[in-house]
Amino acid sequence: MEQNPRPRSVLETLGEEIIRIVTPVSICMLAVVILVSILNGDSSSRGDLPITTMATIAYSESSSDSTWDKLKGALLNSLVFVAVVTVVTFLLVLLFYLRCTKFLKYYMGFSAFLVLGFMGGEIALLLIQDFSFPVDCITFAILLFNFTVVGVLAVFMSKMAIFVTQAYLVVIGMLVAYWFTLLPEWTTWVLLVAMALYDLAAVLLPGGPLRLLVELAMSRDEDIPALVYEARPVINDSGPSGGVVRRRVWREERGDTDENQGLSANTRSGLASDSTPGTHLSVGIGEHERNLADAEEGRVTGGDSELTTPLIQHINVRMNSSENAVPSENLVLEGIGLGSSGAIKLGLGDFIFYSVLVGRAAMYDFMTVYACYLAIVAGLGVTLMLLAFYRKALPALPVSIMLGVLFYLLTRLLLEDFVVQCSMNLLMF
Amino acid sequence: MTVAAGIGYALSALGPSLSLFTAVISHKPFLILILLSSTLVWLMSLIALSAVWRGFIPFKTAAWWPYALLILTSVASQEALRLFLWRLYKRMEELLDAFADRVSKPRLVITDKMQIALAGGMGHGVAHAVFFCISLLTPAFGSATYYVEKCSRIPFFLVSAMIALAFVTIHTFSMVIAFSGYSEGNRTDQYFAPVVHLAAGMLYMRSVPILKFEVSIAISEGVSSTTLLEIREDILIFRRCPHLQGIPIAPKNRVSPTEDGSLAAGGPSAYDYHLRLGPKFTGAIIIVTQ
């Protein structure tokens, strides 16, 4: 019936980058909410078990304390946590400076193994217990071991199918986030705010560890070894093979096995140390991720997204990456997510803390979950817009976490009663 | 309420919007972003309303006027929000057109604008359904269910699901109508949305226990608004695109005055498929599911 194919409207490609990041974040949040409602819903008394972790070393909250005591204890806890994170990040910067990249990569793989194997195994055991799923030890051990090893390979090797890597990163984020929701309530909230503030300081202040790390990496033109989620690059009308070829060339050109530099590298240094109730496994520092958005590398300087720019131009763009190399026209282009052939990267720590916020909201009620989800996605969108505008390393936590906490408080205090009362009286609008 | 019943309630409130989402919105990332932003904006207006009314709820009196005042203020604030969104939309349209010129793609045509309005309206509708219906389901899992005095023959959750369904439809399509009314200056279109919204809101606050009758009114309200909207939509589109009416169009008079954007970039026939499929398809889905 149609004589000519319809020219693709602007609506079909605009914003695709943002959606490709929002989708895995949403999936991670959904998984954490489901886990929280299945596992924590049955035994709400489990929250009082004393979990001694790095995050509760200063003060163990119990429900009989007064509000002021809880607040003070939570502040102490978060201060300790942030201090440990700062020390570890500086250590990471030092190691990176001394070019111990191999050690860092092995450590990353090791922490992925621990998260997937032990935390994943424990959650799987809890689920099996809950649903009375009939499976024997040997089968379970074999399955878990295989799952873990494939996950470690996915994190290590960049030649794995990108979907598998993405899926495993989301699973790792989900597991760590679930662990964080086991912390006491006040500690969790104050910790989230503290991490957001730390992130802001570490990335934007001149002496901040994350900023140092990014500058080091840029000056040496290397990849930072970290757990980073990378969205598929947006290829417009050039077919999947073109994109894949481009990625391969980037990687071979670099010569190292880490993930390729994308449009914005958002990595974060967080740590997960834990000893779960029952198993006295004290893992040291977990993942190292960084919370930056690196805007320079990998951007297309060509104006038109539909032309396939020659490969050499991409490499030149990356080599000579600097803050003001790109004309301002492309700011709008890439800012709204259209036309860039690089991929957006988001650090795993961002996934984790967003999911912790939503998981903690799920422990109260689902209305707060919906409100916090919308707030976090809005914050993420704002951060991506700012990223396109400022074109330098930006922290992804502060805006989303602040909006999320604000909406949680507003919903819990104001909205819920109002909506319930209106619904009961059938006052709908 | 069992989990299966809960899923049933959730689907009956959100089913048509889910199908609309997968058919129209999920293919275009920009529309998904519009949906999320309009959901957020509606939520913010709801929080503002609750901040104002929080001190007065629950109403101690059985008189009808506090309820009416509540509905009136809520509908007024949401219609003001719609106007505000229209202003934002105009600004965004200019940006998008400038951007489309820059990457040499066609400018926004009428279907694009309607789809943006549809996504915006659906954001409002989904927000209503989620906050008024779905979020009340999860605490109620377990044995037994809940009834309200106003409609004591049907479980409360079913009532709220039906009402949410009607409101999703109303929100979704009144945004389309309102936007086209604002852009054309058509007074009936402009006043359609607030009037229908207010009428629907006032409908359920009668404290006379009419039970099932009330719910059927709700459904018929939703259906009638839908059909009305569908017809209007078709008429709107039909009026604007003479090439759909079988009028042979010579190349030089192809550009109609109401359509901005460069039609030269593509043939006019390409729009037929989308135009004819879009509104009728979605209308059929909604009417069938109701």
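Since this is a predicted model, take the numbers as computed values, not measurements. Lettering of chains follows the sequences in order, A, B, ..., and the numbering in each one begins at 1.
The candidate from B:L95, B:V75, B:V130 with the greatest count of non-hydrogen atom pairs under 4.5 Å with chain A is B:V130.
Counting only residues at least two apart or in different chains, side-chain hydrogen bond (donor to acceptor under 3.5 Å, both in side chains) contacts with residues 368-380 of chain A comprise A:S26-A:Y373.
Exactly one of B:F131, B:F167, B:F132 qualifies for a ring pair (Phe, Tyr, Trp, His ring centres under 6.0 Å) with A:F429. That residue is B:F132. Looking at A:T13, A:L14, A:L11 one by one, the single match for side-chain contact (heavy atoms from CB on, under 4.5 Å) with B:K28 turns out to be A:L11.
Heavy atoms only, all atoms of each residue included: B:S135 and A:M367 are closest at OG-CE, 3.3 Å. Nearest heavy-atom pair, B:P139 versus A:D365, reported as atom, atom and distance to 0.1 Å: CG-OD1, 3.7 Å.
If you take CD1 on B:I71 and CG on A:N425, they are separated by 10.0 Å, rounding to the nearest 0.5 Å. For the atom pair CD of A:E12 and CD of B:Q115, the computed distance is 8.5 Å after rounding to the nearest 0.5 Å. With values rounded to the nearest 0.5 angstrom, B:S50 atom OG is found 12.5 Å from A:Q421 atom CD.
The contact between B:L136 and chain A is made entirely by side chain atoms (from C-beta outward), counting heavy-atom distances below 4.5 Å. For chain A, no part of B:F56 is nearby; none of its heavy atoms comes within less than 4.5 Å. In this structure, chain A has heavy atoms under 4.5 Å from both the backbone and the side chain of B:S160. With a 4.5 Å cut-off on non-hydrogen atoms, B:L70 touches chain A through its side chain but not through its backbone. For A:L414, the parts sitting under 4.5 Å from any heavy atom of chain B are the backbone and the side chain alike. Proximity to chain A (any heavy atom under 4.5 Å) is shown, for B:L198, by neither the backbone nor the side chain. Heavy atoms of B:L46 lying under 4.5 Å from chain A belong to its backbone as well as its side chain.
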- Show your working on side chain to side chain contact (heavy atoms under 4.5 Å, CB included) between B:I47 and A:F418 and close with a plain yes or no. CA-CA 9 Å; B:I47 289 182; A:F418 178 70; over 6 Å; no
- Task: Apply the test side chain to side chain contact (heavy atoms under 4.5 Å, CB included) to residues B:I32 and A:I18: give CA-CA distance (whole Å), side-chain angles for both, the deciding distance (0.1 Å), then the verdict.
- Result: CA-CA 10 Å; B:I32 302 181; A:I18 302 183; over 6 Å; no
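Applying the side chain to side chain donor-acceptor pair (under 3.5 Å) test to A:Y364 and every residue at least two apart in sequence or in another chain returns A:E416.
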